Novice: 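Sharing a structure with you now.
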Amino acid sequence: MIGKTVVARPSPHPETWLQVRPEGLYCQPADLFIDPIRPVARAAITHGHADHARPGHEAVLTSAETLAIMQARFGPASVGGATTPHWHEPVTIGEVSVQLVPAGHILGSAQVVLTWRGTRVVISGDYKRSADPTCRPFEPVACDVFVTEATFGLPVFRHPPIAGEIATLLASVARQPERAHVVGVYALGKCQRVICELRRAGWDRPIFVHGALQSLCDLYQAHGVDLGPLLPATVAAKSAMAGAIVLAPPSAIADRWARRLPDPVVCLASGWMRVRQRAKQRGVERPLVISDHADWDELLTTIADIAPGEVWVTHGAEEALVHQLQSTGQQARALALIGRELEGS
Amino acid sequence: MQRFAALLDGLLYAPQRTVKLALLREHLATVPDPARGWALAALTGEVALPAAKPALVRALIAERMDPELFRLSYDFVGDLAETVALAWPAPPGDGGPVPDLPEVIERLAAASRTEVPRLLSTWLDALDATGRWALLKLITGGLRVGVSARLARQAVADWAERPVADIEEVWHSLTPPYLALFHWLDGQGSRPTAEDHPSFRPVMLAQPLEEADLAALTPSHYAAEWKWDGIRVQIVGRGAQRRVYSRTGDDISAAVPDLLSSLDSARVPFDGVLDGELLVGDLGPAGWSVRSFNDLQQRLNRKTVSARLQAAYPVFVRAYDLLVIGGEDLRAQPWQQRRAALEAWHAHHQLERIDLSHLVAFDSWEQLDLLRQEAGRSTNGAIEGVMLKRRDSPYLAGRPKGPWFKWKRGALTIDAVLMYAQRGHGKRSSFYSDYTFGCWQDGTLVPVGKAYSGFTDVELQRIDRFVRDNTTNRFGPVREVSPALVFEVAFDSVHPSPRHRSGLALRFPRIARIRWDKPAAEADQVSTLAALVG
């Protein structure tokens, strides 16, 4: 745990200086929005997924990696004046000290730590606690208010260790060498993490990737994440794909695009695959429970580690998590953010 | 239990029959007795456990979990067994020894009602989420992983490299975990005897007749019978037991208690194997008159059949053949002799719910063709055509080419408009391959049926393109399309059906032709279809 213990003294409660506005969460004394969904004058961005990072802000404070991701996704001109402090380096805006601390979600993902007049709020964005070779691990920060996601905020969500899921995939490939395994992955984060874990499990053959995944894979490699040999799936001959592992966006795996593959085994890497009927409904033959979000146990462990004065819950199953926290004596409430679509789950 | 859970999990996700068969074969080859036999029994619904009610499962989870969290979880997941399996809190430390499938079944079968909850919670603590799911599915009944008893027997046959008929013939004399079967198939024991048991005998099926075949066939070598549109069944009596099987060897006795009690009330209990057609009809002075297949369907696929249903839809069997009588196997004898034995048996016993299939006299194929067409018209499809049976043919399992033919009358057709398309499964999962089509009624289209077959792969690609280019609305995997594509739909018959908006249901609809040329407005009216109901 980093940061000093917050000394109790008469300080303004965070609810007096943070507000939920139509654009997103707003820090008044810094005139700063965190992950706004509309263009604003000044924004802090936790990470590059499209439900957090949007183009068109006049000034942006974010990690260097996230800035690179935003520029790759939206074009260099779509991101205004950027400040990219080092990890933990405080930047003062107005009277507010702003720090970025790793969140463990994807490359460049950060918690935004706001300290003002002796009170501290941590906006964790999306995070997870399990190991991920593509990004820095989550660091707990002592605070008065911890703003947490709750994408998988139900006790049915417990993500198994990723090595087991990768082993399942490789066993299926070995058993059906005449078929291609097409794995649905989100383009940013999940894709590169799955590739790294395949490499770690000994899969050193070229991995075929859908065109929509290539540029972000290149970006990860440029940031020192070694993905090994990748080939475009679009130009490979059908016969070369037998026994291959092919990564594609979830929208492509059971659609026309996948017809270029020999008798594909449709796989999908997502935390939602924990629920069988979800997987069946999507026509998935090999579900892989792999998520970049904290599962139920990780949410509870993280909040217990930090022991904040109060928890604000957003993004997902707020009701269940708030209920659970309150029943263990932890102050908690739902932070009603609006207009948020899930990505990168 | 973990192996069984992994098998269930694999079967649930496998879209293709071949993949399911491969999973089952692997299980049979690598899992020892008695676990593999119990797995097979669980899949084919032959494990009789004291039913654990969903209420018991709810009570168990209520002891372990906050009720509000459970409610929210169940709302999200939507399936009790799966919710409990996923949300069951792991006990601190080691969960204890993981039970295997035989232990679960044997201990549950022996447990008293008060012991069951404690046994279950011990096992739920020991198992992982997939194991818990399999256990809960097993005890609450209804595995629903897409494996029929027939598929399970096929897997046993494939694994043992024997014809499936060999397995079917002994199957019903066996009880789980089928040790005698596996002993025999492993080459360590003799074939289980089916002598004293009302066992199913694999059914003989007919080849479809191509009109070109007729020139090579001599009319006097063949007997002709009407082909009735019911379901093919086999009645087996042995000792005090009577059974009715479907043609795939599924025991359907529970659906026909009236038929069984009429057999039991005979002066001499039926001891033999009878092949016939199960039909619904009315018994008048001139014998049974056959009702439509639609009426028969009211009696099928039910766990129990109420007295009201039995009275409203009386069943009987029209006998085609006699395979065994009084312990004597007639299957090697020529059809002519078996027929004589059948007639003699029928005349002697006069059972109310069994009548005799009528032989159609004919001198030439032309004459039989006319009779065939006429019979189909006059009975609205209750007669589907004629069966030709070589007079010297023995009763052979399967569908041998030559001795028996079915000569169906031509299908009926309508022109209907494609309304909705749904994605297929497995190899067709990227194609819109399941079609709902409709006919006109007062200027709007009303759905009249669904079809999944009758087109080539090339045609499928073209229809798929049409669906994507003409989508007007999407409902999950279903697309609504603008009414612009006409299918010529072939079907065997049409019946009234209160469950369908059009009030009609088609039997065996399939796409006969794709009418890319035909304007949708010129497709048929619902009233045209209604006129085809007899």
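So you know, we letter chains A, B, ... as the sequences are listed, proteins then strands, and number each from 1. As the structure is a computational prediction, the values presented were derived from the model and not from experiment.
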Novice: Answer yes or no: are there more than 12 heavy-atom neighbours, outside Arg333(A) itself, under 6.0 Å from its atom CZ?
Specialist: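 Correct, the count exceeds 12.
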
Novice: Side-chain contact, heavy-atom cut-off 4.5 Å: Arg256(A) with Asp464(B)?
Specialist: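 Touching, per the 4.5 Å side-chain cut-off.
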
Novice: Which one, Lys280(A), Arg175(A), Gln324(A), leads in non-hydrogen pairs under 4.5 Å with chain B?
Specialist: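 Max contact count across the listed options: Lys280(A).
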
Novice: Using the test side chain to side chain donor-acceptor pair (under 3.5 Å), find all partners of Thr471(B) that sit at least two apart in sequence or belong to another chain.
Specialist: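 Per chain and number, Thr471(B) pairs via side chain to side chain donor-acceptor pair (under 3.5 Å) with Arg479(B).
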
Novice: What residues, two or more places apart in sequence or in another chain, satisfy ring-ring contact (aromatic ring centres under 6.0 Å, His included) together with Trp203(A)?
Specialist: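 With neighbours one apart ignored, the set is empty.
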
Novice: Is there any ring-ring contact (aromatic ring centres under 6.0 Å, His included) pair reaching into residues 230-252 of chain A, and which pairs are they, with sequence neighbours excluded?
Specialist: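 Residue pairs with at least one partner in residues 230-252 of chain A: there are none.
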
Novice: Among Asp255(A), Val284(A), Asp297(A), which has the most heavy-atom pairs under 4.5 Å with chain B?
Specialist: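 The residue among Asp255(A), Val284(A), Asp297(A) with the greatest pair count is Asp255(A).
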
Novice: What part of Val84(B) is in contact with chain A, defined as an atom under 4.5 angstrom from a non-hydrogen atom: side chain, backbone, both or neither?
Specialist: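 Contact with chain A: none, neither part.
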
Novice: Quick check on Trp257(A) against chain B: is it the side chain, the backbone, both or neither that has a heavy atom closer than 4.5 Å?
Specialist: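 Answer is neither: Trp257(A) stays 4.5 Å or more from chain B.
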
Novice: Think Arg259(A) forms a cation-pi with Phe431(B), using NZ or CZ under 6.0 Å from the six-ring centre and within 45 degrees of its axis?
Specialist: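 Yes, Arg259(A) lies over the aromatic ring of Phe431(B).
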
Novice: Looking only at heavy atoms, which of residues 65-78 of chain B get nearer than 4.5 Å to chain A?
Specialist: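 Listed by number, the contacting residues are Met65(B), Asp66(B), Glu68(B), Leu69(B), Arg71(B), Leu72(B), Ser73(B), Phe76(B), Val77(B).
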
Novice: Is Arg276(A) paired with Asp9(B) through a side-chain N to carboxylate O contact shorter than 4.0 Å?
Specialist: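 A salt bridge links Asp9(B) with Arg276(A).
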
Novice: So what's closer than 4.5 Å to chain A heavy atoms on Trp133(B): side chain, backbone, both or neither?
Specialist: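 For Trp133(B), the side chain is the part near chain A, not the backbone.
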
Novice: Shorter than 4.5 Å, heavy atoms on both sides: which option in Gln176(A), Arg274(A), Arg158(A) has the most such pairs with chain B?
Specialist: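 Result: the option with the highest number of such pairs is Arg274(A).
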
Novice: What is the distance from atom CG of Asp263(A) to atom CD of Gln16(B), rounded to the nearest 0.5 Å?
Specialist: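 Output value for this atom pair is 5.5 Å.
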
Novice: Are there more than 12 heavy atoms of other residues, nucleotides or ligands under 6.0 Å from atom CG of Asp457(B)?
Specialist: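 No, the 6.0 Å shell around CG holds no more than 12 heavy atoms from other groups.
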
Novice: Looking at Pro287(A), Ala258(A), Ser172(A), Pro264(A), which makes the most heavy-atom pairs under 4.5 Å with chain B?
Specialist: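 With the most close heavy-atom pairs to chain B, the winner is Pro287(A).
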
Novice: Check each atom of Ala22(B) against the heavy atoms of chain A and say whether the ones under 4.5 Å are side chain, backbone, both or neither.
Specialist: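 For Ala22(B), there is no contact with chain A at all, as no heavy atom is under 4.5 Å.
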
Novice: Tell me, yes or no, whether the heavy-atom count around Glu161(B) atom CD, taken from other residues, nucleotides or ligands under 6.0 Å, exceeds 12.
Specialist: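 Open: at most 12 neighbouring heavy atoms sit under 6.0 Å from CD of Glu161(B).
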
